Asker: 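One structure follows; several queries about it will come next.
Because the structure is predicted, anything quoted here is derived from the model rather than measured. Worth knowing before you read on, the calculation uses all heavy atoms, side chains too, and leaves out hydrogens, waters and symmetry mates. Numbers restart at 1 for each chain; the letters A, B, ... are given by sequence-line order, proteins then strands.
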Amino acid sequence: MSTQMARQPIEHRPWLTLAGVHARWVLRTTWRNGEQLLLVVGVPIIALLALTRTDLLSGVTDPLAVVAAMIVLGSGFTSPAISIAFERRYGSYAFLGTTPMPRSAIIAGTIGAIAVSALIAAGLVGALAPVLATGLAPAAFGGFIAAIVLGLVAVVPWAFVLAGTARAESVLVVANAVFLVAIVFGGVLIPAASLPFGAVLAYLPPDAVVQVASGPVAVPTLVLLGWAFIGSVLATRTFRWR
Amino acid sequence: MPEPSLLHAAGLAMSYPGKPPVVALDGLDLEVPGAGITCLLGANGAGKTSLLEAASGLRAGTSGRLTVLGEPPGSAANRSRLGVMLQDGGLPGSARPREFLEYVARLYPRPRSVAEVIDLVDIADCASTPIRRLSGGQARRVAWAAAMIGNPVAVLLDEPTAALDPVARSRLHEALAAESGRGTAMLIATHLVEDVSALADYVCVLRDGRLALAGTPEELRPRGRIDLRAPAHLRPDGLLDALPSGSTIEEARPGHYIVRTPQDVDPAIVGTVTSWCAQHAATPDVAVADLGAALYEAIAGEPPIGARGVER
């Protein structure tokens, strides 16, 4: 016993390796779960089809902006909030706290997995969009990617805020409700201008993502960075591992 | 060089916020040996889980000192060489045991083989079933596998045998004994005296957040004591005269007598007590106090309610 302890020098796997191990684990469990997959890629692709091939939503002028907001909210908020909340409920973060996995590598790995999921969704949409909608300007894709990146930066901390404070069952309800309300009444499917309180919506992430994707970017970018800042401060103060 | 202890607590206190705060550990002094199997007993709320969580680095004490393998709890070195099985398992419900163990193995510099551990804990038949659909016994075995996969020098196990049927429990006892045979030091929190008789090289009992009793099972086994149940308020003079000189009889509570003899109880003494008891009670209930009775007293802070003490 004592000889075994003395003989084994204490070794560690590098931080980046551990973050990568966790990112792969999150991706594996996310992409196998039907509901998560529907949120991450299903809804954005169905929306792209509906917006480009039907007249159901004729008020929308920029289909890519709508899909960008859906990818941001699905991959960056609702899906991770639900899975993080259930990891907390199961106590698996507590267990990981007893292993060599640092807390920071769990957070980095989770964020990395969110980014990869969102990029895969964006890549699928980017590949399908030119086929479905003729006449999309190549510049639209620049706005599309910028909107997704900035949108993720803004909403991912809020996924941690919600998942890190509420019970898993409440998170399931609230995260899905936020997704629906944001898409319908947040200035995404119905343009903010045709909604009451449209002016207020410009200061919320969904409409700001749509604006970054389709128009002048300065103000909505600041709005998104502001949400990112407040969310990060709140997340670091309130997140509970179990 | 002396072997480092698995756990050393000095004046360790811990309380949970509330009005008033809930005291979990109240100045605990405890030394757990760095080899063999130590069983940690105590009633619900005695502080077992709080101590194990503090030792795992999951909770901090409010005052006092705690070291684990000679290091502060939760140190990077300890996280690499200490395996932990939490009371609620801490297993992700949607994951499958095999993939989860593969994931956990990747966190350690020198893990054990996942296939070998799956065989060892006998979960091959459910290795691809989502963890939330496993039986209680299967889930405990997966948690045990996760504690071992990193090839630890020591493990902390919080109620590994809880909710196991007797067959599953004795199989886990065998597995734990085999692991101890490989040189892994173990601290096992449990409610079951059965775990102590099957496994323990050393026993600690917590009561109200303090150490109530500690020693090897041999040291703790009561000597020269018989517990008997008979009608209340008997005059035991006749019995006392028949026993070796220096013996005492105490009625611990109405109808429960504790006979103490200066030497170890032998069959002749048991015979004397039984025949005296038979004169007064239709069904004599006479029990030579064993380790279970001693542990019960330490856990409860009072003698067992029945002469036979703890249910076994």
Asker: Check each of A:T17, A:L18, A:V21 against B:R106 using the side chain to side chain contact (heavy atoms under 4.5 Å, CB included) test, and report the only one that passes.
Answerer: A:V21
Asker: For the interface with chain A, which of B:A147, B:G57, B:G83, B:A146 has the highest count of heavy-atom pairs at distances below 4.5 Å?
Answerer: B:A146
Asker: For chain A, which residues from residues 134-145 of chain B have at least one heavy atom closer than 4.5 Å to it?
Answerer: none
Asker: How close do B:Y108 and A:R13 get, counting heavy atoms only, and between which atoms?
Answerer: O-CD, 3.5 Å
Asker: Counting heavy-atom pairs closer than 4.5 Å to chain B, which one of A:R89, A:H22, A:E87 comes out on top?
Answerer: A:H22
Asker: Chain B heavy atoms under 4.5 Å from A:R24: which part of the residue, side chain, backbone, both or neither?
Answerer: side chain
Asker: Can you confirm whether B:Y16 is buried at OH, in the sense that more than 12 heavy atoms of other residues, nucleotides or ligands lie under 6.0 Å from that atom?
Answerer: yes
Asker: How about CZ on A:R32, more than 12 heavy atoms from neighbouring residues, nucleotides or ligands closer than 6.0 Å, or not?
Answerer: yes
Asker: Heavy atoms only, distances under 4.5 angstrom: which of B:S56, B:G150, B:P92 has the most pairs with chain A? Name it, please.
Answerer: B:P92
Asker: Under 4.5 Å, counting heavy-atom pairs only, tell me which of A:S92, A:A94, A:S83 racks up the most with chain B.
Answerer: A:S92
Asker: Just checking heavy atoms, which of residues 165-185 of chain A are less than 4.5 Å from chain B?
Answerer: none
Asker: Sequence neighbours left out, cut at 3.5 Å: what donor-acceptor pairs do the side chains of residues 35-46 of chain A make with other protein atoms?
Answerer:
from, atom 1, to, atom 2, distance (Å)
A:Q36, OE1, A:S79, OG, 2.3

Asker: Between B:L86 and chain A, which part of the residue has a heavy atom less than 4.5 Å away: side chain, backbone, both or neither?
Answerer: side chain
Asker: Run A:R28 and B:E102 through salt bridge (charged side-chain N to carboxylate O under 4.0 Å, His left out) and show every step you take.
Answerer: CA-CA 13 Å; A:R28 181 185 173 121; B:E102 283 166 352; 5.0 Å; no
Asker: Please determine if B:E53 and A:R242 form a salt bridge, counting it only when a charged side-chain N lies under 4.0 Å from a carboxylate O.
Answerer: yes
Asker: Tell me the residues of residues 95-106 of chain A whose non-hydrogen atoms fall below 4.5 Å from those of chain B, in number order.
Answerer: A:F95, A:L96, A:G97, A:T98, A:T99, A:P100, A:M101, A:P102, A:R103
Asker: Measure the shortest side-chain to side-chain distance between A:H12 and B:R79 over non-hydrogen atoms and say whether it is less than 4.5 angstrom.
Answerer: no
